[in-house]
Asker: 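One structure is given below, represented as structure tokens, and several questions about it will come after.
When reading the values below, keep in mind they use all heavy atoms of this one structure, side chains included, and skip hydrogens, waters and symmetry mates. Keep in mind that what you see is a predicted model, and the values were worked out from it rather than measured.
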Amino acid sequence: MKITIASGKGGTGKTMVAASLARSLAAAVPECPPLFVDCDVEAPNAHLFLHPSFTEQQEVGLLIPAVDETRCTHCGKCAEVCQYHAIAVLGQKVLVFHQLCHGCGSCSALCPEKAIREIPDRMGVIERGTAEAGIAFAHGVLDVGEPMAVPVIRQLKKWAQPISGQVAIYDSPPGTSCPVVETVRGSDFLLLVTEPTPFGLHDLRLAAQVACELGIPAGVIINRENGPYPVLDEFCIQQNMPVLLRIPFERAIAEGV
């Protein structure tokens with residue numbers, strides 16, 4: 001089973017919940033501890049909770065176009081097929097904007113002169129090893145200045161696969177943008193961590209839309225609950241998302257973490 005823990009906004013306690021779930025599963029089924037994958041590659045911090053020892057590391061990135069100007073006729077076909085506007089032909093010059101490139105390979109595949117080859121462009125690293133209680137752990141780290149997290153997350157998920165019978169926990173980035181969608185994709189269940197505030201409810205609505213669009217069943221965990229907040233419960237009922245856990249706003253919880 002693949003479970004993703006997500007939240008519409010940052011700071012709701014998403015990683016705390018994900019790490020606590022991993023520890024609980026490891027204690028309940030010690031013969032098959034879960035796989036924990038930290039997909040928040042822009043700011044990974046689950047290792048601070050689970051203290052893994054990394055044994056493997058791999059560079060990740062995209063294949064971006066490199067143009068051989070001696071063969072190029074500047075016909076403009078490459079720029080025409082690039083839907084991301086990562087390549088442009090200006091007169092007798094071809095410009096490649098690697099920050100915009102998604103590595104789809106269309107330009108090299110359709111170049112009539114075969115003047116474009118693909119070269120690797122590093123975006124970050126992925127690492128894996130073993131954490132406390134035998135939890136299999138993997139995370140990605142996006143290089144500083146790199147604009148796209150999705151390729152790193154995609155390669156991380158392919159690299160860190162659960163074995164037969166193992167529960168996989170994916171700690172998602174905050175928000176509802178492309179990195180979140182890539183993390184959630186393929187999950188069996190989505191745990192949405194929120195807080196009983198107007199901001200928390202607003203962003204929970206957005207996260208619920210992502211779950212609906214992807215057709216993934218979801219449940220809600222309310223963190224830092226400090227008295228009733230009826231509008232949040234009403235929304236969960238309307239969306240058929242059960243409230244699975246309420247974590248009180250108490251000092252003892254922070255001390256326990």
Asker: Residues in side chain to side chain donor-acceptor pair (under 3.5 Å) with Asp40, at least two apart?
Answerer: none
Asker: Do Leu156 and Cys39 have side chains that approach each other closer than 4.5 Å (heavy atoms only, starting at C-beta)?
Answerer: yes
Asker: Would you say that Pro65 contacts Cys78 through its side chain, given a criterion of any heavy-atom pair below 4.5 Å between the two side chains?
Answerer: no
Asker: Cluster question for you: counting only ILVMFWY and a side-chain heavy-atom cut-off of under 4.5 Å, with indirect links fine, are Val257 and Leu245 together?
Answerer: yes
Asker: Of all the heavy-atom pairs spanning Pro248 and Ile253, show the shortest one and how long it is.
Answerer: O-CG1, 3.6 Å
Asker: Do you know the tightest heavy-atom contact between Pro230 and Pro228?
Answerer: CD-C, 3.7 Å
Asker: Closest approach of Ala131 and Phe137, non-hydrogen atoms and distance?
Answerer: CB-CB, 4.1 Å
Asker: Under 6.0 Å from the CZ atom of Phe189, do we count more than 12 heavy atoms belonging to anything else shown?
Answerer: yes
Asker: Could you work out, with salt bridge (charged side-chain N to carboxylate O under 4.0 Å, His left out) as the rule, every residue matching Glu118, not counting sequence neighbours?
Answerer: none
Asker: Please report the interatomic distance CD(Gln92) to CD(Glu69), rounded to the nearest 0.5 Å.
Answerer: 8.5 Å
Asker: Among residues at least two apart in sequence or on other chains, which ones pass ring-ring contact (aromatic ring centres under 6.0 Å, His included) with His47?
Answerer: His139
Asker: Answer whether the closest heavy-atom distance between the side chains of Gln166 and Gln161 falls below 4.5 Å.
Answerer: no
Asker: Could you check Ile116, Val89, Asp68 and say which one makes a side-chain contact (heavy atoms from CB on, under 4.5 Å) with Val94?
Answerer: Val89
Asker: Which residues satisfy the side chain to side chain donor-acceptor pair (under 3.5 Å) test with Ser177, sequence neighbours excluded?
Answerer: none
Asker: Could you tell me if the side chain of Ile126 sits less than 4.5 Å from the side chain of Arg128, heavy atoms only?
Answerer: no
Asker: Shared ILVMFWY cluster between Phe54 and Val37, side chains joined below 4.5 angstrom?
Answerer: no
Asker: Atom CZ in Arg71, atom NZ in Lys114: separation rounded to 0.5 Å?
Answerer: 9.5 Å
Asker: For Lys157, check salt bridge (charged side-chain N to carboxylate O under 4.0 Å, His left out) against everything at least two apart and list the hits.
Answerer: none
Asker: Asn226: which residues meet the side chain to side chain donor-acceptor pair (under 3.5 Å) condition with it, sequence neighbours left out?
Answerer: none
Asker: Compare every heavy atom of Glu42 with every heavy atom of Pro179, then report the nearest pair and how far apart it is.
Answerer: CG-OE2, 4.5 Å
Asker: Applying the side-chain contact (heavy atoms from CB on, under 4.5 Å) criterion to Leu204, which one of Ile222, Thr12, Thr194, Val193 satisfies it?
Answerer: Thr194
Asker: Please report the interatomic distance CD1(Ile64) to CG(Leu100), rounded to the nearest 0.5 Å.
Answerer: 11.0 Å
Asker: For Val152 versus Gly140, what's the shortest heavy-atom pair and its separation?
Answerer: CG1-CA, 4.5 Å
Asker: Mind jotting down which residue pairs meet the ring-ring contact (aromatic ring centres under 6.0 Å, His included) criterion with at least one end in residues 217-242? Sequence neighbours excluded, please.
Answerer: none
Asker: For a 4.5 angstrom cut-off between non-hydrogen side-chain atoms, does Leu48 reach Thr15?
Answerer: no
Asker: Please list, chain by chain and in numerical order, all residues satisfying side chain to side chain contact (heavy atoms under 4.5 Å, CB included) with Tyr84, sequence neighbours excluded.
Answerer: Cys82, His102
Asker: How long is the span from the NZ atom in Lys2 to the CG atom in Leu35, to the nearest 0.5 Å?
Answerer: 9.5 Å
Asker: Evaluate the criterion side chain to side chain contact (heavy atoms under 4.5 Å, CB included) for residue pair Glu182 and Cys178; output intermediate values, then yes/no.
Answerer: CA-CA 6 Å; Glu182 182 59 38; Cys178 295; over 6 Å; no
Asker: What heavy-atom pair brings Ile87 and Ala79 nearest, and what distance separates the two atoms?
Answerer: O-CB, 3.4 Å
Asker: Does the side chain of Thr55 come within less than 4.5 Å of Thr130's, by heavy atoms?
Answerer: no
Asker: With heavy-atom distances below 4.5 Å as the criterion, would you say the side chains of Arg205 and Gln209 are in contact?
Answerer: no
Asker: Between Asp38 and Pro44, is there a donor-acceptor pair closer than 3.5 Å when you use the side chain of the first and the backbone of the second?
Answerer: no
Asker: With side chain to side chain contact (heavy atoms under 4.5 Å, CB included) as the criterion, how do Phe97 and His85 come out once you've worked through the C-alpha distance, each side chain's angles and the decisive distance to 0.1 Å?
Answerer: CA-CA 8 Å; Phe97 305 99; His85 308 292; over 6 Å; no
Asker: Name all residues meeting the side chain to side chain donor-acceptor pair (under 3.5 Å) criterion together with Glu31; count only those two or more places apart in sequence or in a different chain, and write none if there are none.
Answerer: none
Asker: With side chain to side chain contact (heavy atoms under 4.5 Å, CB included) as the criterion, how do Gln239 and Val220 come out once you've worked through the C-alpha distance, each side chain's angles and the decisive distance to 0.1 Å?
Answerer: CA-CA 11 Å; Gln239 298 297 312; Val220 175; over 6 Å; no
Asker: Roughly how far apart are Leu206 CG and Leu192 CG, rounded to 0.5 Å?
Answerer: 11.0 Å
Asker: Going by the rule salt bridge (charged side-chain N to carboxylate O under 4.0 Å, His left out), which residues pair with Glu255 if we only count those two or more places apart in sequence or in a different chain?
Answerer: Arg251
Asker: Listed by chain and number, what are the ring-ring contact (aromatic ring centres under 6.0 Å, His included) partners of His202, not counting sequence neighbours?
Answerer: none
Asker: Is there a path from Leu232 to Leu191 through hydrophobic residues (I, L, V, M, F, W, Y) whose side chains come within less than 4.5 Å of each other?
Answerer: no
Asker: Of all residues at least two apart in sequence or in a different chain, which pass the salt bridge (charged side-chain N to carboxylate O under 4.0 Å, His left out) check with Asp143?
Answerer: Arg122
Asker: Enter the distance from Leu244:CG to Cys236:SG here, rounded to the nearest 0.5 Å.
Answerer: 9.5 Å
Asker: State yes or no: do Leu142 and Leu62 share one hydrophobic cluster built from I, L, V, M, F, W and Y residues joined by side-chain heavy-atom distances below 4.5 Å, directly or via other members?
Answerer: yes
Asker: If hydrophobic clusters are built by linking Ile, Leu, Val, Met, Phe, Trp and Tyr wherever their side-chain heavy atoms come under 4.5 Å apart, do Met241 and Ile5 end up in the same one?
Answerer: no
Asker: Give a yes or no on whether the backbone of Pro174 and the side-chain of Lys14 come within a donor-acceptor separation of less than 3.5 Å.
Answerer: no
Asker: Within the 4.5 Å heavy-atom criterion, are Lys77 and Pro112 side-chain neighbours or not?
Answerer: yes
Asker: Using side chain to side chain contact (heavy atoms under 4.5 Å, CB included), reason through Ile135 and Ile169 one step at a time and then give a plain yes or no.
Answerer: CA-CA 10 Å; Ile135 298 168; Ile169 299 171; over 6 Å; no
